Amino acid sequence: MVFESLPLSGLYRITPEPHADERGLFARTFCEDAFARHGLAARFAQSSVSFNARRGTVRGLHFAREPHAETKLVRCTSGAIHDVAVDLRPGSPTYLRSLGVTLSAENRHALYIPAGFAHGFQALSDGAEVLYMIDRPFVAGAADGLRWDDPALDVTWPEPVTVISERDRTYPDWKAR
Ligand SMILES: Cc1cn([C@H]2C[C@H](O)[C@@H](COP(=O)(O)OP(=O)(O)O[C@H]3O[C@H](C)C(=O)[C@H](O)[C@H]3O)O2)c(=O)[nH]c1=O
């Protein structure tokens with residue numbers, strides 16, 4: 001695996017190193033020792049999938065309030081997504097800055113998103129499926145988020161939004177909280 005530190009400190013793009021042969025390929029996508037050597041969370045408590053029927057669907061931008069803030073390893077296992085992380089760490093020099101990457105079944109990239117970031121994505125294909133590994137159990141009461149078009153954010157979404165949940169559409173402006 002290749003670990004690439006991204007411009008918002010703490011974010012990493014992790015690219016598998018496939019072993020290809022006449023059958024296809026085999027590639028490691030997680031290794032406790034390798035993650036620990038890079039100072040990343042190396043233990044994950046839950047894994048989840050998100051299926052998105054329609055291109056243009058937006059989920060997020062979500063985070064869990066302390067003390068339940070989650071570290072996530074996110075990859076797209078079918079189709080493609082534009083994956084977004086927003087720095088919500090108080091005092092961070094990149095506070096409220098966002099970063100977007102394309103994750104796809106084709107590139108097999110994963111985005112490592114530490115606690116303190118909000119996360120969201122837009123499906124770039126019909127049938128986009130996302131696989132999450134999360135370092136702590138989900139706590140519904142700690143779930144929170146920012147609106148995809150919050151004026152305090154610099155997030156650009158590559159396509160028109162086609163489907164978004166009522167909750168995600170109605171988060172109040174971040175700076176009005
Ligand atoms: C996140 C989560 C949800 N749920 C239940 C709660 C709801 O009954 C149902 C759908 O949850 P929600 O609408 O919050 O799902 P998403 O909008 O896809 O939320 C996710 O999307 C953004 C992009 C993320 O980064 C998070 O992984 C997560 O917030 O699954 C669980 O049981 N466990 C979980 O870990």
Side-chain angles (χ1 to χ4, degrees), residues 6 8 10-14 29-30 35 40-41 43-89 92 94-105 107-150 152-174 177:
L6 296 175
L8 300 188
L11 290 181
Y12 284 81
R13 179 176 17 230
I14 300 166
T29 55
F30 171 72
F35 274 59
L40 307 186
R43 289 285 174 96
F44 292 90
Q46 294 185 329
S47 180
S48 302
V49 291
S50 167
F51 174 77
N52 301 270
R54 276 196 63 192
R55 179 173 181 165
T57 299
V58 166
R59 294 183 187 244
L61 298 145
H62 298 160
F63 64 95
R65 290 189 297 274
E66 290 296 359
H68 306 288
E70 299 165 337
T71 291
K72 299 169 187 169
L73 183 65
V74 180
R75 69 179 61 249
C76 180
T77 53
S78 179
I81 63 171
H82 177 70
D83 207 48
V84 176
V86 177
D87 187 354
L88 296 180
R89 298 169 296 187
S92 168
T94 55
Y95 179 64
L96 290 187
R97 290 273 308 283
S98 72
L99 179 141
V101 294
T102 300
L103 303 179
S104 69
N107 69 26
R108 297 191 174 94
H109 292 171
L111 186 62
Y112 176 89
I113 307 161
F117 282 81
H119 173 250
F121 65 83
Q122 181 171 38
L124 299 177
S125 62
D126 290 342
E129 184 148 319
V130 180
L131 176 66
Y132 295 90
M133 290 171 66
I134 303 157
D135 75 331
R136 64 192 58 217
F138 174 67
V139 175
D144 203 339
L146 299 89
R147 209 174 58 251
W148 69 282
D149 61 349
D150 191 305
L153 305 181
D154 62 356
V155 180
T156 53
W157 302 95
E159 305 204 356
V161 177
T162 54
V163 182
I164 184 168
S165 69
E166 175 72 17
R167 176 194 62 176
D168 287 355
R169 275 194 304 107
T170 56
Y171 285 120
D173 284 1
W174 183 251
R177 296 193 192 186

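If you're wondering where the values come from, they're calculated on a predicted model, not measured in any experiment. First listed ligand is number 1; within each ligand, the first listed atom is number 1.
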Inset, instruction - Start with the C-alpha gap between I14 and H109, add the side-chain angles, then the distance that decides, and say whether side chain to side chain contact (heavy atoms under 4.5 Å, CB included) holds. - result: CA-CA 6 Å; I14 300 166; H109 292 171; over 6 Å; no

Inset, instruction - List in chain and number order the residues that pass ring pair (Phe, Tyr, Trp, His ring centres under 6.0 Å) with F51, two or more places apart in sequence or in another chain; answer none if no residue qualifies. - result: none

Taking only distance into account, with no hydrogens and no angle test, what donor-acceptor pairs under 3.5 Å do side-chain atoms of residues 111-125 form with protein atoms, sequence neighbours excluded?
{"from": "Y112", "atom 1": "OH", "to": "A41", "atom 2": "N", "distance (Å)": "2.7"}
{"from": "H119", "atom 1": "NE2", "to": "D83", "atom 2": "OD1", "distance (Å)": "2.6"}
{"from": "H119", "atom 1": "NE2", "to": "D83", "atom 2": "OD2", "distance (Å)": "3.0"}
{"from": "Q122", "atom 1": "OE1", "to": "E159", "atom 2": "N", "distance (Å)": "3.2"}
{"from": "Q122", "atom 1": "NE2", "to": "G56", "atom 2": "O", "distance (Å)": "3.1"}
{"from": "Q122", "atom 1": "NE2", "to": "E159", "atom 2": "O", "distance (Å)": "3.0"}
{"from": "Q122", "atom 1": "NE2", "to": "P160", "atom 2": "O", "distance (Å)": "3.3"}
{"from": "S125", "atom 1": "OG", "to": "A80", "atom 2": "N", "distance (Å)": "3.0"}

Legend entry - Residue pair T77, V130: steps toward the side chain to side chain contact (heavy atoms under 4.5 Å, CB included) verdict: CA-CA 6 Å; T77 53; V130 180; over 6 Å; no

Legend entry - Short N-O contact, D87 and R97, less than 4.0 angstrom: no

Do any nitrogen or oxygen atoms of ligand 1 lie under 3.5 Å from a protein nitrogen or oxygen, and which ones?
{"from": "ligand 1", "atom 1": "14 (O)", "to": "R167", "atom 2": "NH1", "distance (Å)": "3.3"}
{"from": "ligand 1", "atom 1": "14 (O)", "to": "R167", "atom 2": "NH2", "distance (Å)": "3.1"}
{"from": "ligand 1", "atom 1": "17 (O)", "to": "R167", "atom 2": "NH2", "distance (Å)": "3.2"}
{"from": "ligand 1", "atom 1": "18 (O)", "to": "R59", "atom 2": "NH1", "distance (Å)": "2.9"}
{"from": "ligand 1", "atom 1": "19 (O)", "to": "H62", "atom 2": "ND1", "distance (Å)": "3.2"}
{"from": "ligand 1", "atom 1": "21 (O)", "to": "H62", "atom 2": "ND1", "distance (Å)": "3.3"}
{"from": "ligand 1", "atom 1": "25 (O)", "to": "K72", "atom 2": "NZ", "distance (Å)": "2.9"}
{"from": "ligand 1", "atom 1": "25 (O)", "to": "H119", "atom 2": "ND1", "distance (Å)": "2.7"}
{"from": "ligand 1", "atom 1": "29 (O)", "to": "H62", "atom 2": "ND1", "distance (Å)": "2.6"}

Inset, instruction - Name all pairs fulfilling the ring pair (Phe, Tyr, Trp, His ring centres under 6.0 Å) condition that reach into residues 52-75, sequence neighbours left out, sorted by first residue then second. - result: F63-W174

